2 protein chains.
Amino acid sequence: MTDAHTSPEFVTERIREAILSGDLRPGEKLHQDKLADMLGISRTPLRTALTALTQSGLVSYENNRGFYVREFSFSDVAGAFQVRAELEATACRLAASNMSEAAEQLLFELVEEGDRLLSPGSLSPENLVPYRRMNVGFHTAIMELAANPWIKTFVESLHNVPLASDRVIMWRDFYVIRRSHDDHHRIARALAKGQGERAAAIMREHITFALEHLHTQLEEYPEDFLRVPTADALSSKTRTRRRHRRPAA
Amino acid sequence: MTDAHTSPEFVTERIREAILSGDLRPGEKLHQDKLADMLGISRTPLRTALTALTQSGLVSYENNRGFYVREFSFSDVAGAFQVRAELEATACRLAASNMSEAAEQLLFELVEEGDRLLSPGSLSPENLVPYRRMNVGFHTAIMELAANPWIKTFVESLHNVPLASDRVIMWRDFYVIRRSHDDHHRIARALAKGQGERAAAIMREHITFALEHLHTQLEEYPEDFLRVPTADALSSKTRTRRRHRRPAA
DNA sequence: GGCGCACATAATGTATCCAAAATTGTCATT
DNA sequence: AATGACAATTTTGGATACATTATGTGCGCC
């Protein structure tokens, strides 16, 4: 079991994963009875999960017509990168004024961790998850140093936009990764020296380029991004709940 | 009546108003039974409203302990202004590339409307609401011209931070308003000429100054911001629903 | 007299039930 | 055969009942 304590919390995460991973397809109707059955809960907690997801933008809702997996256009994705670039650039600017010994050290440790993972000259599949963790950690650390909770909040919600999340990255071309991690180096150094504006500029470009690169990748290898939904990804491990049954007819 | 069609939508708005206006005080416990009774609905739609408000940040929630009106520190408010300044500045930069005849005209009409309202040399109380509408309209128009839905989404959610919303403004000093509206003039002109970077700079300062001014106002006239909750602001106009009652006690 | 445990109470969380709305399918009419 | 109205069915929305978790109180024990 995960450490989510109440079922809405739990199933929210579950459904979010299903949507981001493509198991639930954009536009698909989220049938309350069926979903509740699959997840082994009743409709009440499911509905709270769905309204939460609606607010966070992953799900759309129409009055008396129910919930649907929200569809994102490429322009939505592009917009998410644009805003993320600005927000994280701002985070750099702010973080520069809040640097401490400990903060500096944390950033450099993360960067070194990245160096270790990339040192073989390629990113092996088993290092992919650690690298992603390092990457998320680096960006998160800066947003926390910025000491402005809104930045982190909004960036997190942008990570809910399917292709804008860090789960899709460009592992095809090692040079791109290396260069991207080089940005991390420079950002860390700039922050350590209190060069907030410089760090911001590098960060803006760091993210802007990621969008550009995603765009070219999408055109060259579109199949990489069309996830085929696995059959019954949502069926719960717990026995499927026995539903109310009328005595007889 | 508002045009909210379903009861969660309706009561969400109702509770949001109550919180932003100060009728529900920061930190106050949101008792489900009592609130549902006051609003004349059952706990089910109330809970969906509360989870929605939780997601949008106005309400906090603890597992099995219920909902509370979220408390904001001044630093939260300041952070909201900071981020809003960046987001709306970005909106200007983007809008500059999307200007059309109609867009230009819309902005100038809004600015002229503001001129009319300020022409008496002071802002009379009955013009306060129209001026606020004009102001919101102006900022919204630019965000829409930016054609990046995330900006508008996030800025709207920042307006949920009590003192960061446009409902609190500095009507004490007419010169401040006049100068603020002068910013609108310059922003409109800059955008019309395609000077995105200039518009962005003005907008950033426009909002940054609003924070600074709020800060000084808070120190000088703190009583203006301590709203005394009206006795039973939430009791519904419709007859209060008769709740389940135990036989006797 | 203070601390802690146990029970009572109250409030939250979830399931079920009922009502209202929407969708679908059928039939009659043109 | 196509279209529109109407009925049947499905599905959602809301209310209530039930279960579970927190909390407050009192009693006993140390």
Side-chain angles (χ1 to χ4, degrees), chain A residues 1-15 24 27-55 59-70 236 238-249, chain B residues 2-15 24 27-55 59-70 234 236 238-249:
Chain A
M1 274 290 163
T2 70
D3 50 345
H5 296 78
T6 59
S7 43
E9 217 172 313
F10 179 62
V11 304
T12 299
E13 216 34 58
R14 197 78 175 279
I15 297 171
L24 290 171
E28 189 170 341
K29 162 126 212 201
L30 295 170
H31 219 279
Q32 300 183 6
D33 252 331
K34 284 174 191 156
L35 259 183
D37 236 6
M38 284 179 178
L39 294 163
I41 55 171
S42 86
R43 276 173 53 212
T44 311
L46 172 68
R47 292 177 102 253
T48 75
L50 290 174
T51 59
L53 287 166
T54 300
Q55 287 299 320
V59 162
S60 67
Y61 169 74
E62 289 172 81
N63 262 339
N64 290 319
R65 305 215 30 236
F67 298 90
Y68 298 80
V69 178
R70 175 156 164 202
S236 66
T238 74
R239 213 66 264 111
T240 118
R241 195 168 64 88
R242 211 177 20 267
R243 308 256 359 192
H244 167 252
R245 192 158 293 272
R246 297 182 177 67
Chain B
T2 69
D3 50 346
H5 297 78
T6 61
S7 47
E9 219 171 310
F10 179 63
V11 305
T12 300
E13 214 36 57
R14 196 81 175 276
I15 297 171
L24 290 170
E28 189 171 341
K29 163 123 213 204
L30 295 170
H31 222 281
Q32 299 183 5
D33 256 331
K34 285 173 189 155
L35 257 184
D37 234 5
M38 284 179 178
L39 295 163
I41 54 171
S42 87
R43 278 173 52 214
T44 312
L46 173 68
R47 290 178 106 259
T48 73
L50 289 173
T51 58
L53 287 166
T54 299
Q55 287 299 320
V59 162
S60 67
Y61 169 75
E62 288 172 80
N63 260 340
N64 289 320
R65 306 214 30 236
F67 298 90
Y68 297 80
V69 178
R70 173 154 164 203
L234 275 186
S236 65
T238 74
R239 212 69 262 112
T240 118
R241 197 166 62 87
R242 210 172 27 266
R243 306 256 356 184
H244 168 250
R245 190 160 292 275
R246 297 182 178 65

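Computed from a predicted model, the values in this text were never measured in an experiment. Numbers restart at 1 for each chain; the letters A, B, ... are given by sequence-line order, proteins then strands. What's counted below: heavy atoms across the whole structure, side chains too, no hydrogens, waters or symmetry copies.
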Does the base of D/dG14 carry an N or O that pairs as donor and acceptor with the side chain of B/R47 under 3.5 Å? no
Phosphate oxygens OP1/OP2 of D/dG14: is one of them under 4.0 Å from a side-chain N or O of B/T44? no
side-chain contact (heavy atoms from CB on, under 4.5 Å) partner of A/V11, chosen from A/L50, A/L53, A/I41: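 Among A/L50, A/L53, A/I41, the one that satisfies the side-chain contact (heavy atoms from CB on, under 4.5 Å) with A/V11 is A/I41.
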In whole Å, I'd like the distance from the [atom1] atom of [X] to the [atom2] atom of [N].
{"X": "B/N64", "N": "C/dT9", "atom1": "CG", "atom2": "P", "result": "21 Å"}
{"X": "B/R43", "N": "C/dT12", "atom1": "CZ", "atom2": "P", "result": "7 Å"}
{"X": "B/L35", "N": "D/dG14", "atom1": "CG", "atom2": "P", "result": "16 Å"}
{"X": "B/L46", "N": "D/dA15", "atom1": "CG", "atom2": "C1'", "result": "13 Å"}
{"X": "B/D37", "N": "D/dA15", "atom1": "CG", "atom2": "C1'", "result": "13 Å"}
{"X": "B/L30", "N": "C/dA10", "atom1": "CG", "atom2": "C1'", "result": "17 Å"}
{"X": "B/L50", "N": "C/dG13", "atom1": "CG", "atom2": "C1'", "result": "14 Å"}
{"X": "B/F10", "N": "D/dG14", "atom1": "CZ", "atom2": "P", "result": "13 Å"}

Starting at [atom1] of [X], measure out to [atom2] of [Y] and round the result to the nearest 0.5 Å.
{"X": "B/Y68", "Y": "B/H31", "atom1": "OH", "atom2": "NE2", "value": "9.0 Å"}
{"X": "A/F67", "Y": "A/E62", "atom1": "CZ", "atom2": "CD", "value": "11.0 Å"}
{"X": "B/L35", "Y": "B/R14", "atom1": "CG", "atom2": "CZ", "value": "10.5 Å"}

A quick test of your reading: do over 12 heavy atoms of other residues, nucleotides or ligands sit less than 6.0 Å from NZ of B/K34? no
Using the side-chain hydrogen bond (donor to acceptor under 3.5 Å, both in side chains) criterion, which residues pair with A/E13? Sequence neighbours excluded. A/R16
Identify, between A/T48 and A/Y68, the residue whose nearest nucleotide on DNA chain C lies closer to the 5' end.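 The residue whose closest nucleotide sits nearer the 5' end is A/T48.
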List the steps, then state whether side-chain contact (heavy atoms from CB on, under 4.5 Å) holds for B/I15 with B/L46. CA-CA 10 Å; B/I15 297 171; B/L46 173 68; 3.8 Å; yes
Does a donor on one side chain and an acceptor on the other come within less than 3.5 Å for A/T48 and B/T51?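 Checked: A/T48/B/T51 side chains show no N/O donor-acceptor pair below 3.5 Å.
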Roughly how bent is the helix from C/dG1-D/dC30 to C/dT30-D/dA1 end to end, in steps of 10 degrees, with each end axis from five pairs?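 Inter-axis angle at the ends, rounded: 10°.
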For a 4.5 angstrom cut-off between non-hydrogen side-chain atoms, does B/N63 reach B/Y61? yes
Give every pair of a protein N or O atom and an N or O atom of nucleotides 8-11 of chain D that lie under 3.5 Å apart, one pair per line with the distance.
{"residue": "D/dT11", "atom": "OP1", "partner": "A/H31", "partner atom": "NE2", "Å": "2.9"}

